[in-house]
Every structure is written in C-alpha cells, then in structure tokens.
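Below is one structure, written out as structure tokens; comments come after it.
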Number of protein chains: 2
Amino acid sequence: MVEESSRIADPGLRADARRNLGRILVAARAVFAEHGIDAPMATVARRAGVGVATLYRRFPTRDALVRAAFAQQMETCARALTEALADPDPWRGFQRLFETICELQRQEQGFPAAFVAAFPDSTAEHAQARERAERDLTILVRRAKAAGALRADFHPSDLAVAVLSHCGLVAALPHDSAASRRLVAYLLQSFRAEAAHGALPPPSALSLRGFPIAADGSQRQRPSRA
Amino acid sequence: MVEESSRIADPGLRADARRNLGRILVAARAVFAEHGIDAPMATVARRAGVGVATLYRRFPTRDALVRAAFAQQMETCARALTEALADPDPWRGFQRLFETICELQRQEQGFPAAFVAAFPDSTAEHAQARERAERDLTILVRRAKAAGALRADFHPSDLAVAVLSHCGLVAALPHDSAASRRLVAYLLQSFRAEAAHGALPPPSALSLRGFPIAADGSQRQRPSRA
DNA sequence: TCATAAGTGGACGCCGCCGTCCGTTTGGAC
DNA sequence: GTCCAAACGGACGGCGGCGTCCACTTATGA
C-alpha cells in the first residue's frame with residue numbers, strides 16, 4: 001500500500017500530498033469495488049478524506065484515476081506473463097497466467113470493469129509494452145503447442161477472448177467465485193491438446209431464478225427492482 | 001414488428017397510441033443498441049418521434065422499457081428451450097439452445113446488457129415461468145447426460161455461467177462475432193462427454209493492442225481516451 | 001357533424017454530478 | 001521562528017437527465 005503509492009508518487013511531492021495520494025488510491029479501489037467505476041468522483045474524495053480539488057489535481061480525469069487505482073493489478077498481470085514465459089513447462093506457465101489474471105479479477109471488484117474499459121486503449125502510449133506482451137504471449141503459445149500441451153488451433157487472441165468473457169461473468173456475479181472457477185476450468189480443459197476432462201471445481205450455487213429463459217412473454221410494463 | 005407491438009399492446013388502446021407504442025419499442029432497441037441501456041429516455045422518445053410524456057405513460061420506468069423492448073428476444077430464448085426439449089437428440093437440443101441464445105445476444109446489441117440486468121430479478125413475478133424453465137433445463141441436462149453426450153459433472157447452472165460470460169464478451173467486443181463464436185465453440189467442446197476436439201471457427205482478428213497485460217507499471221496519471 | 005375522452009408533447013422544476021476557482025492551511029527550507 | 005510556495009478543501013456555476021403537469025390535438029362512436 002505504502003510502497004505502492006510511493007511507486008506512483010512523484011518523489012518531489014510534499015509529504016502530505018503523498019499521503020493523500022495513497023489514501024485516494026485506496027479509497028478509489030474501495031469505492032469502485034462497491035459502486036462500480038462510474039461512482040461519483042466526490043464519493044472517492046470523501047472516502048479518502050480529501051477535497052474534490054485534491055482529487056482532480058492528481059487525476060484530471062476519472063480514467064486516470066481508474067488506471068492508477070488498478071495499476072498494481074495490471075502490473076501483476078504483466079509479471080504473470082513474464083513468469084509464465086520463464087516456466088520450464090510452458091503449459092503450466094500458460095495455465096497459471098490465465099488463472100492468475102482471473103483470480104485477480106475475482107478478488108478485486110471493479111478491476112474487471114477497469115480491465116475491459118482499458119482494453120481498446122488505442123493511445124500510442126505503452127505501445128512498446130503492449131508489443132512486448134503480445135510477442136511474449138505468442139512465444140508462450142508456440143512453446144505450449146510444441147510441447148503438445150496446447151491445442152494446435154489455439155490462437156493467442158483466444159486468451160483475450162477467455163479473459164474478457166471471464167470479466168463479464170465476474171461483473172455479472174461479483175460474489176460467485178465458484179462460477180468463475182468453473183468457467184476457468186472449462187476453458188482450460190478446452191484449450192488442452194489432448195482432449196481429456198479433468199475434475200471440475202464445484203458448481204456455482206447460482207439458481208436459475210430470473211434466468212431470462214424463463215420469460216413468459218405475457219409481461220407488461222411494471223415497476224421492478226429499481 | 002407490428003404483430004409484436006400488438007402482442008404487448010392493450011387491445012383497448014386507441015389506434016394512434018398503439019402505433020406510437022410500436023415506434024417506441026423499435027426506437028428503444030435502436031437507441032439501446034447504439035448507446036447502451038442507460039441512454040437517456042428523451043433520446044428514445046425523440047427517435048420514436050413522440051414526446052417524453054408518451055414514453056413515460058407507457059413505461060413508467062426505464063426498466064419496464066428495457067424489458068418490453070427485449071421481450072421478443074426473451075421469448076425466443078424461452079422457445080429455444082422448449083424446442084431443445086422436443087429435440088429427439090438431447091445433445092443437439094442443448095447445443096442449439098446455447099447457440100441460439102448466444103446468437104441472439106450477438107445480433108441484438110443491448111440485449112446482453114438487458115439480459116444481465118434482468119438476471120438477478122427477484123420479483124415474485126414470473127416465478128412459475130422461471131420454475132418451469134429451470135425444471136425443463138434440468139430435464140434436458142439429465143437426458144443429454146443419459147445419452148452419453150453431455151459430461152456427467154455438468155451442472156445446470158453451468159449454462160447460466162456460460163451464457164453470462166458470453167454476455168460479457170459481447171458487451172466488451174460488440175462487433176467481434178468471431179470472438180463470440182470461438183467462445184461458444186470452446187465451451188460446447190468442453191461440455192461434451194467424450195472429450196474430443198472438433199474444428200473451431202476462425203479466431204478473432206482481435207489484436208492484443210491494449211491488452212492490460214501490457215501494462216508496464218511506469219505509468220502516471222494522464223489524460224486518455226475520454 | 002359533433003362531443004368527449006383518450007392521447008399527446010414540450011416546457012419546466014428538480015436533482016446530482018462535474019470540474020474550477022479562490023481563500024486558507026501547512027510542510028519544509030533557512 | 002519565519003516565510004512562502006505547495007497543497008488543500010469546499011463552495012459554486014453549469015449542465016444534463018429525470019419525470020410531471022397541463023394546455024392542445026385527435027380518434028371514435030353516436
């Protein structure tokens with residue numbers, strides 16, 4: 001927490017400013033987790049015990065705040081890729097990469113939304129980092145295929161597909177980690193070269209209550225959960 | 001379109017009112033597809049060529065409008081379940097059910113969001129329809145397992161997991177139907193009892209540009225796509 | 001043709017969020 | 001201890017969406 005904010009903080013920042021910045025990031029994660037990344041900026045400021053002006057001085061846009069708040073998680077993802085590449089068993093590396101990302105999204109509410117929101121980020125910035133990540137992933141995929149563990153028709157973009165769909169699941173069911181684990185297990189099994197089913201984690205307790213399949217079509221406008 | 005609105009419309013409605021109601025539903029789908037289900041009500045009204053008052057008279061809450069707008073799709077889902085149950089080959093029924101739902105979400109932008117938003121609907125209403133859907137799905141799953149096509153450890157809630165994650169994917173990449181198809185294919189293969197890989201649809205053209213794995217951690221707050 | 005009630009639409013007041021401005025406080029250098 | 005620039009925070013004007021109210025229009029049936 002402390003070293004995290006100091007990592008982001010300008011070292012030339014005054015002591016109180018640095019402290020406030022740390023508080024803001026903590027508050028932002030809490031508020032975003034609780035109310036989503038569209039929560040009012042003032043709510044974050046209040047939670048952090050600072051004025052709105054202070055918040056806006058550090059983070060001119062909500063987007064900047066979101067990025068900063070989840071920079072740690074993003075970095076963990078990046079590190080997971082590096083570690084995956086370093087693993088002598090490429091499949092194990094691949095598997096851990098995917099599981100790490102999904103676990104992060106499961107734990108840190110609001111991170112999935114930030115992840116998705118940041119996804120089509122076409123700013124030229126970080127271009128080199130992105131390219132490296134893409135290259136690294138391609139290498140990892142090639143190795144895992146060569147090892148006979150990853151199916152031959154797997155495409156690197158499939159990892160993005162898997163992660164994004166997992167994001168959506170977690171966003172829809174923020175407290176159902178069983179569902180998340182279930183999805184991860186299913187996907188990993190379908191990515192394996194030799195198509196053998198392993199054991200699955202226990203299913204979600206999720207009932208189908210409200211599952212829209214149940215619509216009977218006779219509905220009329222009416223007030224509802226609002 | 002016409003018969004759809006008449007299905008929903010009170011038959012005692014005056015002719016112009018019925019016409020406007022139809023326009024509203026069409027406009028709502030278009031606007032929700034374009035701007036998401038949180039688009040201003042006034043936008044829907046303008047698009048429909050009616051005043052806001054008319055819109056509010058028919059649909060007191062945004063939620064009511066969303067439900068009505070996508071009632072057709074919901075019903076299609078319900079019908080798909082019935083058809084799946086009627087299919088002599090339970091696996092084919094199951095597969096088609098899942099594919100139909102996903103295709104609907106792919107086609108009708110905004111439907112996934114409506115689907116997810118409606119999901120934890122705990123109003124007592126439609127309870128019987130929901131129960132029936134749940135029961136039907138359970139039967140379908142049991143049959144497909146008995147036929148040796150669906151893996152034995154599949155749980156009915158896994159369909160919800162699959163659908164919700166697909167919702168999330170479509171929401172994140174509204175125009176990438178290749179990604180959606182890929183996910184569906186992966187999931188269906190991992191649901192099969194005999195773990196054999198079939199051919200996959202072509203991968204998404206999605207590059208990893210902006211994939212948050214690429215974060216380099218050196219970032220600072222800054223303006224961005226906003 | 002006319003009476004009437006159903007239907008319409010836009011103007012309007014309300015509210016919550018945004019982002020800035022400015023008077024006040026405080027850290028830290030000397 | 002003194003000073004000042006950095007930092008602070010809250011008040012405030014602006015904006016945009018919400019939902020209602022009411023004077024006007026029109027379908028319908030006698």
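Being a predicted model, the structure only gives us computed values, none of them experimental. Every chain is numbered from 1 and lettered A, B, ... according to where its sequence line falls, protein lines coming before strand lines.
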Gap between atoms CZ and P, on Arg58(A) and dG9(D) respectively (whole Å): 11 Å
Check nucleotides 27-30 of chain C against the protein and report each pair of N or O atoms closer than 3.5 Å, with its distance, or say if there are none.
residue, atom, partner, partner atom, Å
dG27(C), O4', Arg14(A), NE, 3.4
dG28(C), OP1, Ala15(A), N, 3.1

Qualifying residues under side chain to side chain donor-acceptor pair (under 3.5 Å), relative to Asp16(A), sequence neighbours excluded: Arg14(A)
Any residue meeting side chain to side chain donor-acceptor pair (under 3.5 Å) with Gln107(A), in chain and number order, not counting sequence neighbours: Glu103(A)
Separation of dA7(D) P from Ile24(A) CD1 (nearest whole Å): 12 Å
By side chain to side chain donor-acceptor pair (under 3.5 Å) - contacts of Tyr186(B) (at least two apart): Asp158(A), Arg182(B)
Rounded distance in Å - CZ (Phe59(A)) to C1' (dA7(D)): 15 Å
Show me the donor-acceptor pairs within less than 3.5 Å that the side chains of residues 95-102 of chain A make with the rest of the protein, sequence neighbours left out.
residue, atom, partner, partner atom, Å
Gln95(A), OE1, Trp91(A), NE1, 3.0
Thr100(A), OG1, Arg96(A), O, 2.6

Contacts of type ring pair (Phe, Tyr, Trp, His ring centres under 6.0 Å), residue Phe154(B), not counting sequence neighbours: Phe94(B), Phe191(B)
Closest non-hydrogen atom pair between Met41(A) and Tyr56(A), with its separation: CG-OH, 3.5 Å
Base-contact (B) and sugar-phosphate-only (S) positions in nucleotides 12-19 of chain D, heavy-atom cut-off under 4.0 Å, - elsewhere: -----SSB
Partner residues of Thr54(A) under the side chain to side chain donor-acceptor pair (under 3.5 Å) criterion, sequence neighbours left out: none
Touch class at under 4.0 angstrom, heavy-atom based, for Ala17(B) against every strand present: sugar-phosphate
Length of the line joining Asn20(B):CG and dT26(D):C1', which is rounded to integer Å: 12 Å
Rounded distance (Å) that lies between atom P of dA27(D) and atom CG of Leu21(B): 17 Å
Results of side chain to side chain contact (heavy atoms under 4.5 Å, CB included) for Gln109(B) - residues two or more places apart only: Ala33(B), Pro174(B), His175(B)
Rounded distance in Å - CZ (Arg57(A)) to C1' (dA7(D)): 6 Å
